[in-house]
Amino acid sequence: MDLSTKYDPTKVEDKWYQYWMDHKFFHAKPNPDKEPYSIVIPPPNVTGVLHMGHMLNNTIQDILIRKARMEGKEACWVPGTDHASIATEAKVVKMLREQGIKKSDLSRDEFLKHAWEWTDKYGGIILEQLKKLGASCDWDRTAFTLDDGYYKGVIRVFVDLYKKGYIYRGLRMVNWDVEAKTAVSNEEVIYNENGEVSKLYSVKYQIQGEDEHVVIATQRPETILGDTAIAVNPKDERFKHLIGKKALVPFINREIPIIGDDYVELDFGTGCLKVTPAHDPNDYEIGIRHGLEIIDTINDDGTLNEKCELPKYVGMERFKARKEIIKDLDEAGLLVGEEEFTTRIGRSERTNTVIEPKLSLQWFIKMKEVSRKAHQVVMDDEIVLYPSKFKNTYNHWMENVRDWCISRQLWWGQRIPAFYFGTREDDFVVAETPEEALTLAQEKSGNPNLKAEDLNQDPDVLDTWASSWLFPLAVFDGFNNEYYDQEKGKIISGKNADLDYFYPTDALVTAPEILFFWVARMIIAGYEYKGDKPFKNVYLTGIVRDKQRRKMSKQLGNSPDPLDLIKEYGADGVRTGMLFSSPAGNDLLFDIKLVEQGKKFSNKIWNAMRLVKGWEIDDSITVDNSKAINWFESRFNQALAEIEDHFSKFRMSDALQSMYKLVWDEFCSWYLEMAKPDYGKPVDRKTYDKTVEFFELVLRLAHPFMPFITEEIWHILKERSEKDCVIIAPWPTAGDFDNQIIEDANLAFEVISQIRNIRASKGISPNETLAELFLKCENPAKYQQFESAIKKLANVAEIKTTQDKVEGAAGFIVKSDEFFLPMEEDINVEEEIEKVKKELEYAKGFKTSVDKKLSNERFVNNAPPAVVEKERQKLADAEAKIKVLEENLQSLTK
RNA sequence: GGGGUAUUAGCUCAGUUGGUUUAGAGCGCUUGCUUGACAGGCAAGAGGUCACUGGUUCGAAUCCAGUAUAUCCCACCA
């Protein structure tokens with residue numbers, strides 16, 4: 001077989017992905033004979049393209065799912081995409097604008113048609129990209145949060161929560177565009193980065209019944225007529241005495257209370273704040289805290305209305321009114337100052353007019369009660385967060401949970417199923433279909449003649465998270481009529497085979513920034529609708545940053561294209577590269593060097609395969625490699641136990657590193673070097689079979705991390721039947737290991753290193769065979785069991801024991817055993833003395849530190865006996881070594 | 001402003017109930033190798049007052065308090 005010295009992933013990856021697909025290895029279905037293992041993907045935005053964050057995230061999920069599959073579990077990874085209402089709508093609007101079409105010129109249906117065309121065209125891209133990474137998702141189950149069934153589920157949940165009393169209509173500040181006369185989302189409000197220059201005016205307010213006044217600072221004097229309080233900080237000595245008194249609104253002399261609120265900063269403005277709950281989000285909050293009246297003095301078109309009480313201003317545009325009021329205040333002697341001031345002013349992306357904060361009726365979910373269980377289960381570790389530090393964050397958020405505003409002023413998404421039939425605030429009904437709505441409306445209005453055309457459905461759609469919070473339930477079709485009890489508002493157990501089998505899922509792998517937006521809410525929905533958690537473990541990945549710690553983003557242009565990376569380094573290289581540096585929950589500083597390291601690792605395994613494939617087998621010979629074989633077996637089991645431990649704690653990077661070290665150092669550098677036949681000689685059957693067996697173990701261990709190359713080598717190593725693939729080969733189980741042989745081997749390896757060291761320092765080529773190695777110690781058998789390894793790897797012809805020191809030899813010490821390598825040329829005595837002195841110094845220092853501990857009575861009395869025993873052993877070893885070193889020094893100096 | 005997390009080798013990080021740690025790994029660096037699997041490789045080596053100051057303890061990189069610095073989340077200035 002002609003095998004290149006370099007592994008070429010481009011020839012391999014697509015081939016095996018197709019092979020796995022053709023054999024349906026990714027597909028999972030309920031199987032009573034197998035344990036389930038399931039993961040639902042955090043659905044990427046349907047318009048998104050794969051970025052480095054996805055790469056990390058999905059690599060981790062794929063590793064978990066592949067390992068579970070090999071462990072014999074029914075492994076199900078459900079892929080999907082999110083309709084991402086804001087992001088997608090923004091993209092579609094932008095695309096239309098480029099074609100000269102304005103959203104405002106389109107009907108809702110026309111706009112949605114464009115949006116669907118866009119989705120159909122670009123929506124599949126990101127999933128195709130995941131395949132290049134090797135993601136072994138069950139593609140037959142691909143979900144989309146705006147699919148029919150999913151859409152219905154979301155609406156069903158809205159109606160149910162409304163019936164249960166969790167959903168209400170409430171006032172909320174929205175960003176109002178007075179020109180377009182519409183609310184705009186936060187994302188559509190543009191703030192000038194440097195702020196805009198505005199003026200801060202100081203205005204006098206008379207205190208009721210006193211000969212005193214306060215001065216407040218405001219940017220928006222035109223809202224003065226909507227003031228319903230003056231607030232001061234309760235700790236402010238200057239104004240403390242005023243709290244509880246009343247002030248008078250200029251011109252109209254309406255009485256307003258003076259209240260104390262921590263929100264007011266002592267050192268900003270004048271320390272007194274006018275409170276206008278209808279026209280400022282913070283003032284609105286203060287208003288709620290203090291039960292203040294709300295006086296809305298501004299119309300939808302930005303003009304002042306009759307609530308401002310002064311006829312002069314009614315109908316006047318807000319900025320004109322501002323000028324007029326300033327003039328009038330000045331004339332009345334109430335304006336005591338004005339100063340320039342830089343502030344953040346929001347402007348509408350669409351019309352560039354200054355956004356007017358406006359109170360409007362929006363839909364909310366009451367969070368306190370519905371989230372109680374979700375709070376508790378995380379605190380009780382029934383759902384475990386990795387890393388656990390996020391438990392604090394989660395707790396803090398849950399304790400201060402706010403009601404969730406779920407309406408969005410957009411078209412792309414699930415339309416709110418509320419239908420209005422009148423002009424009063426309460427003239428609406430909530431229902432899954434227009435037909436049901438009509439029936440309900442006829443009842444509620446008492447008008448049986450009400451027709452379908454008389455109903456107006458709410459134009460807004462639901463927040464994207466109000467659909468994705470149902471993801472783990474909806475992907476298994478949980479809200480289908482067949483499985484859902486409408487009366488109770490619960491999914492029925494025992495009817496939906498998928499859900500009964502795969503739910504709760506095993507792990508969720510996602511980014512910490514959506515812990516509240518998504519993770520917490522899925523937990524809430526899971527308990528509300530299924531009575532159980534949606535997942536058992538949550539693994540929170542870090543953010544992928546560049547070497548300067550900047551977040552990787554398209555705008556900065558500091559992110560490599562993942563597909564280019566895969567082309568250049570191979571999917572396996574990229575996967576391992578990403579994982580090399582990704583401690584859970586910590587940010588990952590992406591470094592192309594790590595991906596290179598991943599690629600080199602692929603090549604290393606490839607060449608190990610080339611070595612073994614190159615051996616010629618001779619059944620007639622026997623070579624005793626039993627020690628090497630026993631050692632590797634033990635070392636493998638030890639490493640596997642470590643790896644399992646890492647996996648159990650979601651320490652993926654550590655698991656990878658243990659595997660990497662096992663393969664490179666132990667399997668390639670030590671085992672294969674020990675086992676390989678001398679050049680030109682054949683290999684014996686036993687060594688060959690064992691080596692192939694070990695190689696297979698190693699490939700199985702590496703497969704979840706590096707799926708493609710392991711599958712390729714699996715098939716080159718041996719002839720196999722069609723379905724004999726590493727992707728479904730059993731995951732190795734950890735057997736016992738012999739600690740003694742591992743320790744002994746380490747001593748032998750130390751001997752080899754020391755000999756190589758001497759070669760290096762004396763310029764003796766590794767090719768040059770050294771005639772003899774003498775060994776002076778009490779128990780030479782310890783080393784002799786690895787005699788053939790030492791001979792082969794250190795290139796010495798013979799190993800002999802001795803009772804005495806050997807003259808004219810380079811010496812070294814392992815533990816307290818002495819070794820001598822006779823040298824042809826003269827030994828540089830000075831150098832040897834220096835070397836021994838240095839070692840002696842270290843050994844003595846070490847002994848001193850141990851002495852200090854052992855001579856401390858309190859240590860000996862208080863420390864656990866095992867610890868004291870260990871210290872005694874350390875002392876004895878150190879003393880033995882010092883003795884040998886001193887003898888050496890003596891014989892060198894005589 | 002509120003809360004979280006971190007600070008260990010030039011860089012990125014381990015160090016898992018305080019004791020085999022006068023501290024480990026990878027990368028980088030230095031030196032030497034056409035070593036018949038691999039130069040995408042092999043071998044050897046240098047490199048650290050564990051941010052600082054106190055405290056608890058027989059014993060602290062590890063626990064506690066404070067200081068400094070960095071970083072993230074939330075709220076944001078009338």
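As a basis for the values below, the full set of heavy atoms in this structure was taken, side chains included, without hydrogen atoms, waters or symmetry mates.
- Residues A/Q657 and A/S669 both approach RNA chain B. Their nearest nucleotides, taken by heavy-atom distance, put A/Q657 toward the 5′ side.
- In this structure, the nucleotide among B/U35, B/U16, B/A78 sitting nearest to the side chain of A/R651 is B/U16.
- In this structure, A/F647 and A/F705 have tilted ring planes: the angle between them lies in the 30° to 60° band.
- B/U30 and B/A44 make up a base pair, with Watson-Crick or G-U wobble contacts both under 3.5 Å.
- A donor-acceptor contact shorter than 3.5 Å links the side chain of A/R759 to the backbone of A/S765.
- Nucleotide B/U35: unpaired (no Watson-Crick or G-U wobble partner with both distances less than 3.5 Å).
- For A/R610, taking side-chain heavy atoms from C-beta onward, the closest of the listed nucleotides B/A37, B/A78, B/C27 is B/A37.
- Nucleotides B/A60 and B/G2 place their C1' atoms 32 Å apart, quoted to the nearest Å.
- As rounded to whole Å, 13 Å separates atom C1' of B/G40 from atom CG of A/D8.
- Counting any heavy atom pair closer than 4.0 Å across all strands shown, A/K6 reaches a base atom.
- A/R872 comes within contact range of no nucleotide atom at all, as no heavy-atom separation falls under 4.0 Å.
- Across the interface with RNA chain B, nearest-nucleotide mapping of A/A760 and A/R858 shows A/A760 to be the residue nearer the 5′ end.
- Atom CD of A/E285 and atom P of B/C77 are 12 Å apart (whole Å).
- To the nearest whole angstrom, the two P atoms, one in B/A70 and one in B/G15, are 25 Å apart.
- The residue A/L589 sits close only to the backbone: its heavy atoms come under 4.0 Å of sugar-phosphate atoms, none of a base.
- A donor-acceptor contact under 3.5 angstrom links the side-chain atoms of A/K604 to the base of B/C38.
- If you check distances only, the side chain of A/Q754 never reaches the base of B/A44 with a donor-acceptor pair under 3.5 Å.
- When heavy atoms are screened at a 4.0 angstrom cut-off, A/Q873 is found touching no nucleic acid atom at all.
- Residue-level contact check: A/T270 touches neither bases nor backbone, having no heavy atom under 4.0 Å from any strand.
- Between A/F632 and A/F694, the ring planes are tilted. Angles from 30° to 60° get that label.
- Listed nucleotides B/A23, B/A37, B/U16 differ in distance to A/Y842; the shortest reach to its side chain belongs to B/A23.
- Between A/W664 and A/F601, the ring planes are parallel. Angles under 30° get that label, and only those over 60° would be called perpendicular.
- A/N862 comes within 4.0 angstrom of a nucleotide base, judged by non-hydrogen atoms across all strands.
- Out of B/A37, B/C77, B/U16, the shortest distance to the side chain of A/K649 is found at B/U16.
- Straight-line distance from the CD1 atom of A/I514 to the C1' atom of B/C74: 17 Å, rounded to whole Å.
- A donor-acceptor pair shorter than 3.5 Å cannot be found between the side chains of A/T691 and A/K676.
- Of the P atoms belonging to B/C58 and B/A23, the separation is 25 Å, rounded to the nearest Å.
- The A/N603 side chain lies nearest to B/G40 when the options are B/G26, B/A37, B/G40.
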- Task: List the steps and the verdict of ring-ring contact (aromatic ring centres under 6.0 Å, His included) for A/F812 and A/F819.
- Result: CA-CA 5 Å; A/F812 60 91; A/F819 293 81; 5.0 Å; yes
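- Summarising the geometry, the separation between CD1 on A/I592 and P on B/G28 is reported as 14 Å, rounded to the nearest angstrom.
- A donor-acceptor pair is defined here as one N or O able to donate and one able to accept, closer than 3.5 Å; such a pair exists between the side chain of A/S653 and the backbone of A/F580.
- Across all strands, A/F601 comes closer than 4.0 Å to no nucleic acid atom at all (heavy-atom distances).
- Across all strands shown, the partner of B/U69 is B/A6, judged by Watson-Crick or G-U wobble contacts whose two distances both fall under 3.5 Å.
- One finds no side-chain N or O of A/N400 lying less than 4.0 angstrom from the OP1 or OP2 phosphate oxygen of B/C74.
- Between the side chains of A/Y7 and A/N607, no donor-acceptor pair of N or O atoms lies under 3.5 Å.
- Among the protein residues, A/W615 comes within range of no part of the nucleic acid, since none of its heavy atoms lies under 4.0 Å from any strand.
- Side-chain N/O atoms of A/K599 include none lying less than 4.0 angstrom from OP1 or OP2 on B/G40.
- Across every strand in view, B/C76 sits unpaired, with no contact that passes the Watson-Crick or G-U test at under 3.5 angstrom.
- Comparing atom distances between the A/K593 side chain and each of B/G3, B/G28, B/U20 picks out B/G28 as nearest.
- Base pairing of B/G19: its partner is B/C58, meeting the Watson-Crick or G-U wobble criterion (both donor-acceptor distances under 3.5 Å).
- Contacts of A/E673 with the nucleic acid, taken as non-hydrogen atoms under 4.0 Å apart, include base atoms.
- The side chain of A/W670 contributes no N or O atom lying less than 4.0 Å from OP1 or OP2 of B/C42.
- For A/L579 and B/C13, the CG to P distance is 15 Å, given to the nearest whole Å.
- Using a 4.0 Å heavy-atom cutoff across all strands shown, A/N392 reaches sugar-phosphate atoms only and no base atom.
- Contact annotation for A/K661: no contact, since no heavy-atom pair falls under 4.0 Å across all strands.
- Of the candidates B/A37, B/G3, B/A14, B/G3 carries the atom nearest the A/H396 side chain, counting heavy atoms from C-beta on.
- The separation of B/A25 from B/A44, taken at their P atoms, amounts to 12 Å, rounded to a whole angstrom.
- Protein atom CG of A/L793 is 15 Å distant from nucleotide atom C1' of B/A37, rounded to whole Å.
- Rounded to a whole angstrom, the distance from the C1' atom of B/G54 to that of B/A9 is 27 Å.
- One finds no side-chain N or O of A/T393 lying less than 4.0 angstrom from the OP1 or OP2 phosphate oxygen of B/C74.
- Distance from the side chain of A/T5 is smallest to B/C38 among B/C38, B/G45, B/A23.
- The CD atom of A/E642 sits 13 Å away from the P atom of B/G15 (whole-angstrom rounding).
- Here A/N282 lies in heavy-atom contact (under 4.0 Å) with sugar-phosphate atoms only.
- Ring geometry for A/F667 against A/F695 counts as perpendicular: the plane angle is over 60°, on a 0 to 90° scale with 30° as the lower cut.
- When the C1' atom is used for both B/U67 and B/U7, the distance is 13 Å, rounded to whole Å.
- Checked by atom type, the side-chain pair A/K847/A/S849 shows no donor-acceptor distance below 3.5 Å.
- Per the geometry, CZ belonging to A/F859 stands 12 Å off P belonging to B/A60, to the nearest Å.
- Nucleotides B/C13 and B/G59 place their C1' atoms 27 Å apart, quoted to the nearest Å.
- With P as the reference atom, B/A6 and B/C27 are 27 Å apart, rounded to whole Å.
- At the phosphate of B/C38, neither OP1 nor OP2 sits under 4.0 Å from any side-chain N or O atom of A/K600.
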